[in-house]
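None of these values were measured; they are calculated from a predicted model. Residue numbering restarts at 1 for every chain, and letters A, B, ... go by the order of the sequence lines.
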Amino acid sequence: MIPLKKRGWLLLAILLFSLSTTAHAQTLVGRVTTTDGAPLELVQVVVERLDRGTVTDEGGRWFLDKLPLEPVSLEFRFVGFRTENRLVDVVAGETVVNVVMQEARVDLAETVITAEGQADAMLKRSTRSVSILAPEDLDRSRGQTIGAMLSELPGVSVLSTGPSIAKPVIRGLHSQRLVVVNAGVQQEGQQWGGEHAPEIDPFSAGRVEVIRGAASVEYGVGAIGGVIRIEPEELPYDRGLGADLALNAFSNNRHGAVSASVFSGLGSKWAWRVRTSARKAGDSRTPDYVIGNSGFQELDAAATVGFHSNRAGFRLHVSHFGTTLGLFSGAHIGNFDDLLRAIERGQPAVDYAFTYDISAPKQRISHDAISLNGHIRLSSGDWIDAQLGFQSNRRSEFDAHRRFGDPDTDPAFSLTLQTSSAEVQLRQRPRGGLIGSIGLSATTQGNHNGESGFLIPNFRATTVGAFIHEMFVTDAWTFDAGLRYDHRWLRAWPRENLSSGPFVRHDATYGSLSAIAGVIWRMDPSWSVSSNLGHAWRPPGVNELFNYGVHHGTAQFETGNPDLGVEQSWNLDVTLRHTSDGVTAELSAFRNRMDGYIFLFPDDEPRVTIRGTFPAFHYVQKNATLKGLDGWIEVHLTDRLDVHVTSSIVRGTDRESGEALVEMPADRIRGGVEWSPRFLSGSERPTSLHLDIIAVKQQDRIPEGVDYAPPPPGYSLVNAGISGSWTRGSTPLSWSLDVNNVFDTAYRDYMSRFRYFIDDPGRNVSLRMQLSFGAGS
Amino acid sequence: MNTLFPIQRFHFPLLLSAALIVALSASGCDSTEPDDHGAGDEELITRIQLTLTSPQAPQVVVEATDPDGDGANLTIGTLVLKAGVTYTGTIGVFDDVNGENVGAEIDEEADEHQFFFLPGGQDASRLSVTVTDSDSNGLPVGLAFTVATTSGGAGQASLRVILSHFDDDPKDGVNQSDETDIDVTFPVTIEP
């Protein structure tokens, strides 16, 4: 907006803090969501008789004030959804009218008017188990890592390495068994490491989709456990200059994060956005002690420019992610005896003092990515959608002590991974209920070791694939079928060992089919059941082929196996969904049969070196099964009170020995209430209180004799918080104050890689604020 | 059919960006050549050497070598000691891959290191080791020590040599750290 330029930021900031809370008499407020709880933007809310109306904002919220004291008839309209009518008696004060809109399921053609709409229609009508986090859901948990943000979804947990590293786990699978797609391009970092988290700024995510279960047909090799798709924020077409600012503070590690974006539409066809985020955190603390050297800092920037018209569009997205993070120094141990001593002690040997300083052991990671997505509508009404991406991931890890140089400036090893990718697909417009896409993709990546130590070999991997995915949608049924073939060439220069000297070249090719077949039956408007059979595969990772040496932190000697073949997954998934006025619920059962599941298996003999004795492991392939249940239910008890429960159960079994698989998340359940009491909702938008309890069982299903310490006991945590928003003029401020682990409970999660040494962090009070200026509101 | 690819209105930025990406990809990525500069640069200890001298007995020199640092070719010599003798001992630590004398570096950072000598085996009680050097804080280091054997007949024992690195944990002269750089057990034969 023009006035913004004249007044300047300072004035707006002052304005913001001079907010008053005038109550509007006779106000109707509400929120419009889809059946899966996502807010619906731009829904028309119309009071026919009074000839008045409004549209919902990006959080799905709307309000109408100064209404007459009498019953009014409200109509909610949005293309692709069934129109909803509500008769509301307007009384003095504020009345909340929340509406869940049902998709008009047959009208595929009506919803698919854009290339994005086509992709969206295919995702939403897919027979898979999908969760979508809209911007408002994301706002609540933003400011932490991407992994922590996702862990509230059913079936998703995290594998953590101290407070700074959280890696998403879907239905017991992680790392190379998940695909992360950022801004349309598969994120390619050093994903093989359990302590390598996705290099993505959580503030830049505009929308997150999580697909549980095999999804290789569209996402290629590796999508065995699922897919996490992170889309940048929407571009502000048709809007003027605007900005937003997010400020977060966390008490536990005195962590502050700030993120700001400036954006503008240029007419209706062009738009741009730039964002930068920064965060700095010191050492976290458990209820009893400081976790030494667990601080981290991050500086990220991203820019997006886009163009769209009826016939074509493109989006260019450039991003930089940079972080330095400390690893708890007590977890850096010498040999197996040291590990046993540290486990026996049960807490750090040193009474650390809080600091923001980060010293070795630490990691420094930068990830730069550029992606271009373009689409063109053909005269037939179909779309051609093309993507190009290039990314460069640099990872340096610094060991605690190093003789040849300064441990804080000379990395123990550094790796550079560069990936170029291209994909083109034909997105078909709906033809009598048939919708689908056909595509080709190619990726090539090269890994280069830096000047120091050798962990994984230099390699080049090139993968090409072709796929077809078609869906037939009627009012009561969806049929879903797809097929893909991928081929990968891998050339690596592994090293035998120091004395035998030469680099041995290793060439391998891998190729396999992926497939999906599924069906949804909508028994009636409120119940549906879907089932999906997916087949996915992945080639062995370079670490699994060529690792050789001691893994610090777990003090185990790991040996790769160059003879490994591909890992195959057959995933069967059945989901029951219910949606009615007050209740939404989903329950999924899955069974993932893994053939050639690659994992570390203990050797008979330990490895004796000059540094002491290490338990030895080598990579093997066995047949395994993962099965489980996940689901959630949300009950809208009254207009002001919601109750929700989410739960996940995974069972992993080695089919040959009948033993449990190691590192499977323990059973967990999360339940809570959200209450928007009348006395707190005097202003335009409701203020709500929430209380959540998370209970995690002890993992009692573990293989015999593999782990060094028994799984930690189960635990339960209580989280509580309050959130709300104010608007003054055109400057909305939304805020939340949360306390996680209210009772400062000491606990260790089985999926924490530091559970041998330290507790998980204790109580954490966080304050989040988001402000929008100009056209952002 | 000019409506089939109606790209004239946006093709310039699209093509520009595509060219940019292609240029970036081409410039940066072919790194498939092995980088052997880095291969040997890890922190390694490949050999330790105990030298024991005494006016009462011949000099004893024994080595443990792990040429790759990964245990694949680990060899450990046997200490053959005379009963009833006190030896003056020194320990040498080497990285033969990089040609480094690690012992000299340990001496420089004596306040961050300590050797522990733990007698074991059936005749452990016939061996006693005393550290004779100290760091700037007056705490033992263990680059110099004495080994004494009690007099008597033949015996079998072992001597475990541990080098603790003190980084975070303060060195107290008594306790080992959780960062062990060396942990080798030498068999010991006591001759009458």
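- For Glu558(A) and Asn547(A), the side-chain atoms include at least one donor-acceptor pair closer than 3.5 Å.
- Results of the side chain to side chain donor-acceptor pair (under 3.5 Å) test with Gln445(A) over Glu188(A), Gln418(A), Gln391(A) single out Glu188(A) as the only residue that passes.
- In this structure, the portions of Ile182(B) lying under 4.5 Å from any heavy atom of chain A include both its backbone and its side chain.
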For residues 137-155 of chain B, run the donor-acceptor check on the side chains, cut-off 3.5 Å, and write out each pair with its distance to 0.1 Å, sequence neighbours left out.
{"unit_1": "Thr149(B)", "atom_1": "OG1", "unit_2": "Lys82(B)", "atom_2": "O", "d": "2.6"}
{"unit_1": "Thr149(B)", "atom_1": "OG1", "unit_2": "Gly84(B)", "atom_2": "N", "d": "3.0"}
{"unit_1": "Thr149(B)", "atom_1": "OG1", "unit_2": "Val85(B)", "atom_2": "N", "d": "3.1"}
{"unit_1": "Thr149(B)", "atom_1": "OG1", "unit_2": "Val85(B)", "atom_2": "O", "d": "3.3"}
{"unit_1": "Thr150(B)", "atom_1": "OG1", "unit_2": "Arg126(B)", "atom_2": "NE", "d": "3.2"}

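- With a 4.5 angstrom heavy-atom cutoff, Ala342(A) touches chain B via backbone and side-chain atoms both.
- Remark: Asp181(B) does not engage Arg611(A) in a salt bridge, criterion side-chain N to carboxylate O under 4.0 Å.
- Looking at Ser177(B), only its backbone comes within 4.5 Å of chain A, counting heavy atoms on both sides.
- Contacts between Asp337(A) and chain B at a heavy-atom distance below 4.5 Å involve the side chain alone, from C-beta outward.
- With His506(A) as the fixed residue, the ring pair (Phe, Tyr, Trp, His ring centres under 6.0 Å) test singles out one of Trp493(A), Phe459(A), Phe546(A): Phe546(A).
- With a 4.5 Å cut-off on non-hydrogen atoms, Phe614(A) does not touch chain B at all.
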Salt bridge (charged side-chain N to carboxylate O under 4.0 Å, His left out), that's the test. Do Arg460(A) and Asp507(A) meet it? Break it down for me.
CA-CA 10 Å; Arg460(A) 170 156 294 276; Asp507(A) 289 279; over 6 Å; no

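- Using a 4.0 Å cut-off between charged nitrogen and carboxylate oxygen, Asp135(B) and Lys171(B) count as a salt-bridge pair.
- Inspection of non-hydrogen atoms places Thr46(B), Arg47(B), Ile48(B) of residues 46-62 of chain B under 4.5 Å from chain A.
- In this pair, Phe757(A) and Phe328(A) present their aromatic rings tilted. The plane angle is within the 30 to 60° band.
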